[in-house]
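What's counted below: heavy atoms across the whole structure, side chains too, no hydrogens, waters or symmetry copies.
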Amino acid sequence: DRVAGLLEARRALVANVSHELRTPVATVRAALESSDEHWDETSPEQLRANLDVMRGEVIRLQGLIDDLFTLSRADAGGLTLTVQPTDIGAVVRRMVDALAPLAWRSGRIEVVAEVTAGLPAAQADEGRLEQVLANLLRNAIRHTPPGGIIVARASATTTGVRIDVCDTGEGIAPADLSRIWERFYQGANGSRDSGAGLGLALVKDLTEAMGGSVGVESELGRGSCFSVTLVVQT
């Protein structure tokens with residue numbers, strides 16, 4: 001029974017990965033073929049739009065591959081981290097600055113940073129923390145309708161530093177909350193825009209590898225708030 005379960009899980013994994021890899025590849029191919037076949041009659045504006053589509057899909061594809069690679073290394077015990085005192089507020093501001101323009105262009109979504117002054121340095125691998133924040137912010141952008149707001153907040157707790165990424169999006173059904181950290185889980189309303197279901201699994205694995213913890217609060221129709229808490233060395 002255990003072997004059968006593992007084989008079924010492996011088949012599901014391969015099917016999910018194949019589907020998620022196929023979609024952006026197909027989109028890029030279609031845009032390339034359209035541009036090639038109608039090159040002479042396509043306006044520069046349309047060519048630029050096709051390039052934007054291809055760029056976005058390649059970025060999506062690269063993110064999926066990077067997430068899969070990181071999770072595979074974690075499973076094999078080969079994930080390397082350099083955990084040291086880190087300025088969490090600086091990382092939050094940097095990631096918001098990087099993703100806020102994309103959120104505004106794609107859906108008129110405002111992304112802002114709120115960092116409490118005088119935060120202590122927390123134990124983290126700066127590069128991996130950037131991955132965590134990138135996944136949380138992209139997830140929030142994907143599930144927030146145009147005109148919404150996303151706030152990335154860093155504040156002190158009694159034992160560490162907490163990062164909250166809160167949005168005014170669609171929210172998560174109560175039945176899904178306990179499973180959102182599972183790999184490839186997309187919930188009852190999962191769709192192409194829901195992503196591969198890897199981002200939150202990666203957030204959890206990386207955060208716990210740095211000695212921290214994750215949490216979530218959400219209400220359907222009112223938005224979600226994901227939290228990452230990192231410890232401060234005493």
Side-chain angles (χ1 to χ4, degrees), residues 56 59-60 62-71 73-74 79-107 109-117 119-144 148-157 159-169 172 180-181 183 193-218 223-232:
I59 291 172
R60 179 183 173 208
Q62 181 181 6
L64 174 60
I65 292 170
D66 288 345
D67 287 353
L68 283 167
F69 181 67
T70 301
L71 288 168
R73 290 187 64 184
L79 187 62
T80 303
L81 291 92
T82 303
V83 178
Q84 57 189 6
T86 303
D87 184 344
I88 305 301
V91 178
V92 170
R93 290 191 186 96
R94 184 162 64 247
M95 296 309 298
V96 166
D97 288 344
L99 292 174
L102 171 66
W104 184 254
R105 287 197 306 269
S106 64
I109 300 167
E110 186 177 5
V111 183
V112 298
E114 294 181 359
V115 178
T116 302
L119 283 180
Q123 295 295 108
D125 179 302
E126 189 165 330
R128 299 302 185 185
L129 181 58
E130 288 182 354
Q131 280 185 274
V132 166
L133 278 169
N135 274 285
L136 289 177
L137 287 168
R138 289 190 185 112
N139 188 65
I141 292 168
R142 191 160 49 239
H143 293 284
T144 300
I149 299 174
I150 298 168
V151 179
R153 183 181 299 111
S155 58
T157 69
T159 59
V161 174
R162 172 170 165 156
I163 302 168
D164 292 300
V165 176
C166 303
D167 62 60
T168 57
I172 304 168
I180 59 173
W181 306 106
R183 299 178 192 187
D193 291 334
S194 297
L198 283 177
L200 293 179
L202 183 64
V203 166
K204 183 175 186 293
D205 282 9
L206 289 179
T207 299
E208 291 179 350
M210 292 186 287
S213 60
V214 297
V216 60
E217 295 180 1
S218 185
S224 304
C225 192
F226 289 88
S227 64
V228 170
T229 303
L230 301 165
V231 298
V232 173

* **Taking every non-hydrogen atom, the tightest pair across Val96 and Pro101** => O-CD, 4.4 Å

* To do: Verify side chain to side chain contact (heavy atoms under 4.5 Å, CB included) between Leu136 and Leu200, making sure each step is shown before the conclusion.
  => CA-CA 7 Å; Leu136 289 177; Leu200 293 179; 3.9 Å; yes

* Enter the distance from Met210:CE to Asp205:CG here, rounded to the nearest 0.5 Å. => 11.0 Å

* To do: Drop me the distance from Ile172's CD1 to Glu217's CD, to the nearest 0.5 angstrom.
  => 11.0 Å

* Would you name the heavy atoms of Leu119 and Ala156 that are closest together and state the gap between them? => CD2-N, 3.4 Å

* **Thr86: side chain to side chain contact (heavy atoms under 4.5 Å, CB included) partners, not counting sequence neighbours** => Gln84, Ile88, Val91, Ala124, Glu126

* **Listed partners of Thr144 passing side chain to side chain contact (heavy atoms under 4.5 Å, CB included), at least two apart** => Ile109, Ile150, Asp167, Thr168

* Might you point out which heavy atoms bring Val232 and Pro120 nearest each other, and give the distance in Å? => CG2-CG, 3.9 Å

* Under the ring pair (Phe, Tyr, Trp, His ring centres under 6.0 Å) test, which residues partner Trp181, sequence neighbours left out? -> Phe226

* To do: Mind checking side chain to side chain contact (heavy atoms under 4.5 Å, CB included) for Val151 and listing every partner two or more places apart, or none if nothing turns up?
  => Val112, Glu114, Ile149, Arg153

* Does CD in Glu208 sit with more than 12 non-hydrogen atoms of other residues, nucleotides or ligands closer than 6.0 Å? -> yes

* Check step by step if side chain to side chain contact (heavy atoms under 4.5 Å, CB included) holds for Leu133 and Val165. => CA-CA 8 Å; Leu133 278 169; Val165 176; 4.2 Å; yes

* Asked: Hey, does Val216 have a side-chain heavy atom less than 4.5 Å from the side chain of Ile180?
  -> yes

* To do: Tell me, please, which residues at least two apart from Ser213 pass side chain to side chain contact (heavy atoms under 4.5 Å, CB included).
  => Thr229

* Between Ser106 and Ile141, which heavy-atom pair has the shortest distance, and what is it? -> OG-CG2, 4.4 Å

* To do: Kindly indicate, with the supporting measurements, whether the criterion side chain to side chain contact (heavy atoms under 4.5 Å, CB included) is fulfilled by Gln123 and Leu230.
  => CA-CA 6 Å; Gln123 295 295 108; Leu230 301 165; 6.0 Å; no

* Using the side chain to side chain contact (heavy atoms under 4.5 Å, CB included) rule, take Leu129 and Ile163 through it: C-alpha gap first, then chi angles, then the decisive distance, then the call. => CA-CA 11 Å; Leu129 181 58; Ile163 302 168; 4.0 Å; yes

* By salt bridge (Lys or Arg N to Asp or Glu O under 4.0 Å), which residues pair with Asp164, not counting sequence neighbours? -> Arg162

* Spell out, as yes or no, whether a donor-acceptor pair under 3.5 Å connects the side chain of Thr157 to the backbone of Gly160. => yes

* Asked: If you look at every heavy atom in Asn135 and Gly199, which pair is closest and at what distance?
  -> OD1-CA, 3.3 Å

* Asked: Which heavy atom of Val115 sits nearest a heavy atom of Gly89, and at what distance?
  -> CG1-CA, 3.6 Å

